[in-house]
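Note: hydrogens, waters and symmetry copies are ignored here, and every other heavy atom, side chains too, is used.
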Amino acid sequence: MSEFPSTHNEFSGGDDAAVGGIAADRLRSIIERVERLEIERKGLAGDIKDIFTEAKSAGFDVKVIKQIIRLRKQEPAEVEEQETLLDIYRRALGM
């Protein structure tokens, strides 16, 4: 005997039929939304790569551009603290 009761009604219900206590249509909707977003993310990653290729062909340093993008995501006080520490470390090393 299975520990989960099996009834045919669980699998043939309406749009939001519960199977094993799970709303199957809601679960399917969530999974499909994530799958669509993953496809979009893949497309966006390709677009970003194309932009970096364009920047490189225009003579820009892509590594520096990526650093600037990271810095722009940070709080100004955090950036200032990092720059101050970098300056202190450089001076300590005679750079």
- Item | Straight-line distance of I39 CD1 to L44 CG, nearest 0.5 Å | 12.0 Å
- Less than 4.5 Å apart, any side-chain heavy atom of Q67 and any of K63? no
- CG of L86 to CD of E83: how many Å apart, nearest 0.5 Å? 8.0 Å
- Message: Measuring from atom CD1 of I31 to atom CZ of R36, what distance do you get when rounded to the nearest 0.5 angstrom?
- Response: 12.0 Å
- Heavy atoms from other residues, nucleotides or ligands near CD of E75 exceed 12 (cutoff 6.0 Å): no
- Among residues two or more places apart or on two chains, list those pairs meeting side chain to side chain donor-acceptor pair (under 3.5 Å) that have a residue in residues 84-95. D87-R91
- Message: Membership question, hydrophobic clusters at under 4.5 Å side-chain separation (ILVMFWY): are I69 and F60 in the same one?
- Response: yes
Got a list of side-chain donor-acceptor pairs under 3.5 Å for residues 45-52, not counting sequence neighbours?
none

- Message: Just so I know, are the side chains of Q74 and L71 near enough to count as touching, which here means a heavy-atom distance under 4.5 Å?
- Response: yes
- Message: Is it the case that over 12 heavy atoms from other parts of the model lie below 6.0 angstrom from the CD atom of E78?
- Response: yes
- Please round to the nearest 0.5 Å and tell me the distance separating atom CD1 of I65 and atom CZ of R70. 12.0 Å
